[in-house]
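In this text the structure is predicted, and so the values were computed from the model without any measurement. Chain A is the first sequence line, chain B the second, and so forth, proteins listed ahead of strands; every chain is numbered from 1.
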Amino acid sequence: MDNTNDQTIVRKEKLKNLAEKGVDTYPASYENRMQAELALKVDEGERVRVAGRIMSRRLMGKASFAHLQDDSGKIQIYIKKDLVGEEKFSLYKTELDIGDFIGAEGQMFTTRTGEKTLQVSDFTFLSKSLRPLPEKWHGLRDIELRYRKRYLDLIVNEESTAILKGRSKIIASVRRLLEERGYTEVETPILQDIFGGAAARPFITHHNLYNIDLYMRIAPELYLKRLLVGGWERVYEIGRNFRNEGLSKKHNPEFTMLEVYCAYTDYKYMMELSKEIVLSAHNELKKEFTPEIDLTKGWQEKNLWDLISEYSGLSFDPDDSIEELRKKADALKVPSGKDSAAKIIDRVFSAFVEEKLIQPTFVTGYLAKDSPLAKSSSKDLRFAERFELFIGGQEIGNSYSEQNDPEIQRKMFELQVQSSDDGEFSDKIDTDYLEALEHGMPPASGLGIGIDRLAMQVTGASSIREVILFPMLKPSAWDYAF
RNA sequence: GGGCCAGUAGCUCAGUAGGCAGAGCAACGCCCUUUUAAGGCGUGGGUCGAAGGUUCAAAUCCUUCCUGGCUCACCA
């Protein structure tokens with residue numbers, strides 16, 4: 001949409017005027033400037049130099065106050081005609097707009113109302129905003145516009161910036177923690193010939209030269225475990241996974257996953273590590289955000305079957321036949337259709353239990369047959385050595401002792417291929433992965449944590465779209481018309 | 001895909017017994033040298049999401065469509 005209007009026409013005119021008056025309208029730099037946050041700590045009378053976007057302006061004949069915003073915050077500047085001179089002041093008055101970038105230098109002083117302010121002795125025009133900013137008081141409220149025009153959201157909505165920068169800080173803290181623990185960060189293929197490592201429908205793309213379809217990865221798991229075979233004992237990857245599924249408050253088709261693998265440990269180790277990761281993320285942001293959930297306490301471990309029995313009011317048992325499960329699901333008004341046992345359990349869990357798991361909860365007791373990449377418990381072969389971590393009624397992580405027996409792994413893959421009727425498993429078996437296992441993989445545990453969801457919990461964001469800079473939106477005619 | 005709600009100026013929003021489209025911010029002009037949602041006086045700005053219908057007359061009622069949000073379904 002070409003929303004050219006009287007305001008952009010006026011602003012373009014001003015840009016022209018600036019150039020005609022000999023102003024460099026797009027200078028390349030403004031050196032030695034101080035960030036607003038720091039400038040505000042400078043003593044009165046000291047000289048400072050700042051740069052930023054004009055966010056507001058109060059003009060009074062021969063003087064003016066304005067706020068400049070930079071990456072660190074806002075600082076008020078005071079421009080007086082008798083200090084900057086007639087010509088500069090007139091330039092400021094007639095050719096500058098809210099939204100423009102300027103650099104300013106002068107002395108710090110404190111106003112009558114007590115705000116530390118830069119009294120400008122000279123300023124430099126840095127860049128023009130040809131379009132008006134959203135309204136200064138209400139900001140940009142329209143949710144669609146906030147996501148589509150995220151840059152505007154970031155300019156005017158402090159909360160958005162806090163959440164999204166918070167996300168970056170969380171990722172940095174995770175990297176720091178894993179670095180300290182001796183982990184190596186790696187990158188594995190996103191374009192894959194065979195997709196695996198999770199149950200999900202993939203995106204399909206195409207390679208021209210080889211003339212083959214490739215899949216965007218749904219998980220990096222199988223590649224990371226090849227590294228364990230290769231002798232790397234502690235590895236992790238933070239990267240994008242792609243799942244061709246619905247969008248919701250909790251789902252974006254591309255999302256960021258942390259996967260960690262550690263040789264010579266089992267899933268119990270990963271319980272500890274995942275707790276450390278969550279707490280380190282929380283610790284990183286606790287000054288800015290106080291989540292409703294106190295993440296520092298109430299961590300517990302609960303059995304899947306106990307949970308669904310308790311919250312649904314019907315007794316569920318791992319040995320229930322599919323008929324019994326259907327009957328119970330019907331009684332609970334949970335649609336079961338032709339679903340597998342695992343899917344019915346999952347539905348009941350989603351309907352009755354998930355939203356109740358507010359405090360951090362490690363759910364254990366998952367069936368081995370529903371956990372194709374996990375090792376079975378040596379105590380009871382029916383169960384996998386596995387947990388999922390729930391916080392705030394949401395799944396945050398998934399972990400297990402990794403299956404390293406190539407024969408069992410082959411059988412599990414074969415079962416998957418057979419049962420795949422809706423495209424959520426590849427119809428090809430990753431034989432190279434099996435070959436890798438045949439070379440021997442040390443016992444190891446693995447952990448996956450959804451970074452977006454972790455960020456939601458720690459920042460208190462109610463939608464995954466709030467923690468993703470540019471969430472997926474339906475393409476609109478809008479985007480093409482510019 | 002189903003249900004509910006919404007779309008009016010650049011932004012935030014008012015506006016139904018159907019009767020000349022409004023406010024605040026932003027913009028433009030004038031005044032104003034400690035303001036901070038600055039203030040005062042004045043001015044311009046609209047395909048009321050789109051198309052069709054009912055009507056003397058539609059932002060308003062009807063139909064269809066588009067876009068979005070919430071929700072359900074789908075989905076580690």
Round to the nearest Å and state the distance from A/Lys81 atom NZ to B/C31 atom P. 10 Å
Could you tell me whether a side-chain N or O of A/Ser72 sits under 3.5 Å from a main-chain N or O of A/Glu37, the two making a donor and an acceptor? yes
Are there any protein N/O atoms within less than 3.5 Å of an N/O atom in nucleotides 26-30 of chain B, and if so, which ones and at what distance?
| residue | atom | partner | partner atom | Å |
| --- | --- | --- | --- | --- |
| B/A26 | OP1 | A/Lys136 | NZ | 3.2 |
| B/A26 | O2' | A/Gln7 | OE1 | 3.2 |
| B/A26 | N3 | A/Gln7 | NE2 | 2.8 |
| B/C28 | OP1 | A/Lys14 | NZ | 2.3 |

Side chain A/Thr459, main chain A/Ala455, donor-acceptor under 3.5 Å: yes
Taking 4.0 Å as the cut-off, does a side-chain nitrogen or oxygen of A/Lys249 come that near to OP1 or OP2 on B/G69? no
Between B/U34, B/G24, B/C74, which nucleotide has the shortest distance from any of its atoms to the side chain of A/Arg347? B/C74
State whether A/Lys343 places a side-chain N or O below 4.0 Å from either non-bridging phosphate oxygen (OP1 or OP2) of B/C75. yes
In whole Å, what is the span from the CG atom of A/Leu59 to the P atom of B/U34? 12 Å
Ignoring hydrogens and geometry beyond distance, is the side chain of A/Glu115 in donor-acceptor contact with the base of B/U35 at under 3.5 Å? no
Considering just the side-chain nitrogens and oxygens of A/Arg201, establish if one lies under 4.0 Å of OP1 or OP2 belonging to B/C74. no
Mutual orientation of the aromatic rings belonging to A/Phe109 and A/Tyr78 [parallel < 30°, tilted 30-60°, perpendicular > 60°]: tilted
Tell me whether the rings of A/Phe413 and A/Tyr433 are parallel (<30°), tilted (30 to 60°) or perpendicular (>60°). tilted
The residue, A/Arg465 or A/Arg141, whose nearest nucleotide of RNA chain B is more 5′ is A/Arg141
Using nucleotides 6-9 of chain B, report all nitrogen or oxygen pairs with the protein that are shorter than 3.5 Å.
none

hbond_proxy A/Asp142 side chain to B/U12 base (donor-acceptor, 3.5 Å cutoff): no
Can you tell me how far the CG atom of A/Leu224 sits from the OH atom of A/Tyr236, to the nearest 0.5 Å? 12.0 Å
Please confirm whether any donor atom in the side chain of A/His138 sits under 3.5 Å from an acceptor in the base of B/C11, or the reverse. no
Between the side-chain atoms of A/Glu135 and the base atoms of B/G24, is any donor-acceptor pair under 3.5 Å? yes
Check for a donor-acceptor pair, side chain of A/Ser371 on one end and backbone N or O of A/Leu367 on the other, with a separation under 3.5 Å. yes
Of A/Arg58 and A/Gly139, the one whose closest nucleotide on RNA chain B sits nearer the 5' end is A/Gly139
Sort out for me which residue in A/Met270, A/Lys302, A/Lys268 forms a side-chain contact (heavy atoms from CB on, under 4.5 Å) with A/Phe387. A/Met270
base_contact_polar (B/U34 base, A/Arg112 side chain, donor-acceptor, <3.5 Å): no
Going by the side chain to side chain donor-acceptor pair (under 3.5 Å) test, which pairs reach into residues 97-108 of chain A, not counting sequence neighbours? A/Lys14-A/Asp97, A/Arg49-A/Glu105, A/Asp97-A/Lys128, A/Asp100-A/Lys128
In whole angstrom, give the distance that lies between atom CG of A/Leu247 and atom C1' of B/C72. 15 Å
Note: A/Arg465-A/Glu144 ion pair, threshold 4.0 Å (strictly below): no
